[in-house]
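Below: the structure, in structure tokens.
Here is the naming used below: chain letters follow the sequence lines, and residue numbers restart at 1 for every chain. Please read all numbers here as calculations on a predicted model, not as lab measurements.
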Amino acid sequence: MELNVQSVLKWIEKLNDKIQNNKEYLTSLDQAIGDGDHGINMARGFQEVINKTTTSQYDTVSDLTKDVAMTLMSKVGGASGPLYGTAFLKLSMSVKGKDPVDHDAFTAGVQEALNGIQQRGKANEGEKTLVDVWAPVLRFLQENSEFEPGKLEETAKVAMESTKDIIAIRGRAAYLKERSKGHLDPGSVSSFYLFQSLAEVLQEGE
Amino acid sequence: MELNVQSVLKWIEKLNDKIQNNKEYLTSLDQAIGDGDHGINMARGFQEVINKTTTSQYDTVSDLTKDVAMTLMSKVGGASGPLYGTAFLKLSMSVKGKDPVDHDAFTAGVQEALNGIQQRGKANEGEKTLVDVWAPVLRFLQENSEFEPGKLEETAKVAMESTKDIIAIRGRAAYLKERSKGHLDPGSVSSFYLFQSLAEVLQEGE
Amino acid sequence: MKKIMNDPNQVVQDMLKGFVAAFPNDVKQLPNTTVIARKNAPVSNKVGLVSGGGSGHEPAHAGYVGKGMLDAAVAGEVFTSPTPDQVYEAIKAVDGGAGVFLVIKNYTGDVMNFEMAAELAAAEGIDVEQVIVNDDVAVEDSSFTTGRRGIAGTVFVHKIAGAKAEQGGSLQDVKAVAEKVVANVRSMGMALTPCTVPAAGKPSFEIDDNEMEIGMGIHGEPGIERKEIASANEIAEELTQKVLEDIDYSGSEVAVMVNGLGSTPEMELFIVNARVHEILAEKGIKVYKTFVGEYMTSLEMAGCSVTLLKLDDELKELLEAEAVTPAFSS
Amino acid sequence: MKKIMNDPNQVVQDMLKGFVAAFPNDVKQLPNTTVIARKNAPVSNKVGLVSGGGSGHEPAHAGYVGKGMLDAAVAGEVFTSPTPDQVYEAIKAVDGGAGVFLVIKNYTGDVMNFEMAAELAAAEGIDVEQVIVNDDVAVEDSSFTTGRRGIAGTVFVHKIAGAKAEQGGSLQDVKAVAEKVVANVRSMGMALTPCTVPAAGKPSFEIDDNEMEIGMGIHGEPGIERKEIASANEIAEELTQKVLEDIDYSGSEVAVMVNGLGSTPEMELFIVNARVHEILAEKGIKVYKTFVGEYMTSLEMAGCSVTLLKLDDELKELLEAEAVTPAFSS
Ligand SMILES: Nc1ncnc2c1ncn2[C@@H]1O[C@H](COP(=O)(O)OP(=O)(O)O)[C@@H](O)[C@H]1O
Ligand SMILES: Nc1ncnc2c1ncn2[C@@H]1O[C@H](COP(=O)(O)OP(=O)(O)O)[C@@H](O)[C@H]1O
Ligand SMILES: [Mg+2]
Ligand SMILES: [Mg+2]
Ligand SMILES: [Mg+2]
Ligand SMILES: [Mg+2]
């Protein structure tokens with residue numbers, strides 16, 4: 001399957017639904033080891049994304065994801081705003097002129113997105129940040145020539161769950177050191193929703 | 001029976017015991033319709049009175065009650081400090097040269113004390129202040145030629161309890177208007193302890 | 001009760017120690033008293049201003065000691081008026097020969113203790129005058145009762161009477177302008193939570209999670225009405241409306257004070273202020289100056305009060321005059 | 001959650017409206033932004049100072065906008081760093097031709113958003129420099145992690161860098177002195193209660209009635225240790241000790257800040273201050289100036305922080321220099 005404007009719009013919609021439905025859950029995760037705003041931040045940002053994308057016309061996935069990026073950048077704030085904003089911006093730049101976006105083009109886009117996240121946030125894998133979801137997902141995409149949505153979602157899920165046992169090195173949770181152990185990383189959970197939504201769109205499209 | 005330095009010392013001691021034991025009760029009464037410090041104020045003041053009287057020598061009831069007055073005046077503050085201070089000061093002045101103080105001299109002293117309280121506080125009977133205990137007690141003393149401690153205590157008690165139904169006109173409780181009804185006046189309760197202690201001393205001395 | 005303190009019976013002394021430690025070049029504590037005075041007190045030939053009351057209203061009253069405001073502040077125990085001997089020490093310490101002016105909030109205890117001190121001072125030949133501040137419109141104005149309480153409006157009395165004294169006004173001048181402020185200042189408060197007197201150890205009252213108390217005093221005294229918690233706009237409207245009903249502000253210029261009672265975030269005070277300004281604009285009342293913050297608190301109570309002072313040219317000039325104190329600068 | 005507000009999602013906009021209403025002659029809100037700037041911004045040929053961060057820390061940051069301190073403050077959502085476009089608007093608005101200096105507290109979000117704004121500004125040819133404030137010794141100082149947080153010490157950076165800019169210092173001068181402050185300022189905080197982000201509606205953490213949290217941040221982030229609540233003296237000792245261990249203050253002069261986190265009565269802050277001064281006296285550290293009050297809060301959290309800034313002659317002079325802002329005057 002390949003991604004076009006229509007399927008990416010569906011992806012964003014599904015993601016927004018998950019975020020709105022889990023706003024309080026994400027916030028409570030952030031209360032445990034952060035400052036208790038991750039759900040609020042993501043819900044505010046993706047609501048604005050939907051407001052924007054449902055009232056605009058897009059010719060390419062690149063245009064659409066760029067609008068997503070700019071909206072997140074200017075409406076989320078905090079740590080997650082620049083990170084998700086950067087991720088979508090890099091994805092947008094990478095898939096420019098590649099419509100419809102096939103598996104390899106998308107994988108290259110995720111590679112760029114992760115690079116962007118890591119440049120901004122200076123986090124490596126294993127530091128209890130959303131990198132811990134993006135990196136395994138990227139590896140999974142690279143290791144396969146098809147999307148394989150079921151396995152993609154499973155990879156993201158396992159990766160998200162694995163953040164529970166990590167002692168945080170980056171982000172606010174790092175202040176807690178050992179006490180951060182035993183709690184999921186909020187940003188990894190929202191990133192899991194992102195890939196879960198993608199998997200659902202891919203599944204439906206198959 | 002007549003009151004001498006010894007019996008007035010006992011009076012003050014008994015009164016202090018009651019105040020210390022009922023500090024929280026007095027404070028809770030004041031929390032309901034005032035600012036929640038009457039027990040604290042009275043306990044602080046009478047503790048200082050005891051510290052003073054137990055380390056001093058007195059020749060006359062007047063000297064002793066003057067020291068009580070001065071200590072209350074400088075250690076209690078609030079509304080009750082000047083009022084009880086004035087009461088003991090006027091009592092002291094009235095019983096000067098009258099040792100031992102007999103029923104009539106004491107009654108005259110209470111009359112002066114009540115005048116002092118009313119001059120300072122500008123309260124009349126029926127306004128939910130300690131005047132509502134002092135005035136009936138004074139009438140009782142005036143109407144009898146002996147102390148009659150049992151009836152004295154009973155008079156003070158009935159007077160104290162009667163403050164429950166009054167709508168306050170003076171003191172902080174007045175801010176509550178109708179809502180002050182149904183609560184005892186804290187200062188009337190401490191004044192009841194004062195006359196109850198006196199009655200106990202008189203009883204023991206008989 | 002969660003408080004940062006040592007002995008609950010020593011909070012006032014401990015606080016004063018920390019206060020003097022913070023401003024050693026500006027203030028002094030009179031030995032063996034709870035009086036904070038200007039370092040240079042008495043100021044010769046200047047009317048000395050003394051205010052005070054129970055503690056727990058910080059920055060009132062010591063925070064207002066300094067040039068252009070008070071010469072001394074007397075601290076009582078928490079929520080308990082100071083005793084006459086303490087007030088008397090303050091009067092003596094600030095008497096620079098031009099007399100001493102007492103700013104008294106209208107509470108039975110404050111009035112009695114300050115008046116007894118004034119009698120002691122008068123007996124020593126010190127000229128003493130006073131004003132009784134009673135700005136709280138939550139309480140009925142009546143000569144048959146204790147009457148209205150003094151709350152946040154007291155800060156404007158400190159500021160304006162203090163400026164008058166600093167400019168060399170006579171004791172009568174200071175009294176006249178203080179009375180003008182009292183005649184033109186009105187306040188009304190509300191609370192969301194009670195507060196706990198350290199020595200009492202438990203909250204002054206109980207209130208449900210969805211309730212607020214309208215007409216709250218600054219001593220944890222219950223207010224006049226308990227009702228369901230309203231929006232900031234509705235609260236601003238209710239408080240401002242009650243104040244506006246009391247004297248005629250129409251066509252006038254005012255100073256506004258939105259005062260926090262202790263634990264209300266400044267954010268919430270500004271939200272209230274936004275609506276207060278809208279209301280005043282709707283009524284054609286011009287705002288000359290606004291004060292938002294904690295000026296007259298009630299320990300850690302959550303809530304706020306709104307104060308309006310109707311200004312004329314004299315009051316404006318005195319409000320603008322220089323003041324240099326720990327809690328108020330202009 | 002008991003708050004005086006209208007819509008929990010509008011608290012920042014409502015607050016800014018009330019803020020500008022309070023100080024209309026001194027500040028302005030940049031249209032369609034959450035930026036508060038000096039009324040006269042940009043000041044020609046003066047380095048423009050921009051600070052900011054999540055809201056909920058009032059009076060930080062807008063309260064420090066004014067002569068001798070900030071040129072603009074950018075308000076994010078509650079506890080959420082503002083977005084790059086907002087910071088960029090602030091930079092453009094205060095650029096008077098001498099460049100713009102950013103004061104950034106060391107949080108991942110703040111650093112990323114401000115740096116993205118700086119990149120946008122640089123692309124437009126505006127000279128931008130920055131300092132990252134990281135005074136919180138509760139957090140380990142490490143280049144492998146996010147590192148220390150910026151807390152109340154940030155106010156000293158505003159004050160001193162602001163004074164340098166006001167005196168006509170170049171962008172490099174301002175940067176140098178800001179870095180000197182950062183090198184010499186350390187803080188440590190503690191909390192007795194959590195706080196509630198309006199849009200979250202429930203407290204940031206739970207804590208028992210007999211417990212306190214040591215090393216608390218200013219965003220309701222849990223601290224480093226939970227233990228039984230101690231006396232004010234012990235709390236003062238623990239906080240001051242941790243600060244003193246971090247850099248060598250011996251024989252030096254310091255500025256002290258005892259900062260309230262939101263709902264701690266000033267009384268308690270002064271009680272802490274009393275012991276802080278005793279400790280410093282015991283160690284032969286001279287206190288040059290003391291600040292007690294709410295300078296960098298965390299909504300309605302109860303607790304306090306202690307900050308020590310080691311001074312030299314330059315820092316002393318800049319600390320004393322004139323500042324006229326809603327929340328800070330000197
Ligand atoms: N340096 C970083 N690199 C990558 N992700 C990070 C970094 N710092 C934080 N994050 C992610 O951001 C999430 C927190 O986002 P959010 O709560 O919205 O922002 P903030 O921490 O500013 O309140 C964390 O759970 C983590 O996944
Ligand atoms: N004007 C008054 N005349 C007589 N008694 C008064 C008056 N005002 C108050 N009181 C008494 O003082 C008591 C309150 O004392 P206290 O709580 O110690 O002082 P405060 O009211 O200043 O906190 C009231 O219960 C009442 O009995
Ligand atoms: Mg967060
Ligand atoms: Mg009382
Ligand atoms: Mg009292
Ligand atoms: Mg945040």
pair B:R44-C:T80: side-chain heavy atoms closer than 4.5 Å: yes

Minimum side-chain heavy-atom gap C:M116-B:R120 below 4.5 Å: yes

Main-chain N/O of B:G77 paired to C:S81 side chain as donor or acceptor, under 3.5 Å: no

Any donor-acceptor pair under 3.5 Å from B:R179 side chain to C:G223 backbone: yes

Side chain / backbone / both / neither for B:S74 at chain C, heavy atoms under 4.5 Å: both

Proximity breakdown for B:A168 and chain C, heavy-atom pairs closer than 4.5 Å: neither

Region of C:V78 that comes under 4.5 Å of a non-hydrogen atom in chain B: backbone

Pick from C:V197, C:V111, C:V139, C:N113 with the largest number of heavy-atom pairs that fall under 4.5 Å of chain B: C:N113

Chain C contact via B:K75 - side chain, backbone, both or neither, heavy atoms under 4.5 Å: backbone

Engaged part of C:Q86 at the chain B interface, taking heavy atoms whose separation is under 4.5 Å: neither

pair B:R170-C:T108: side-chain heavy atoms closer than 4.5 Å: no

Short side-chain to backbone donor-acceptor contact, B:Q31 and C:K202, under 3.5 Å: yes

Contact origin within B:I169 toward chain C - heavy atom pairs under 4.5 Å: both

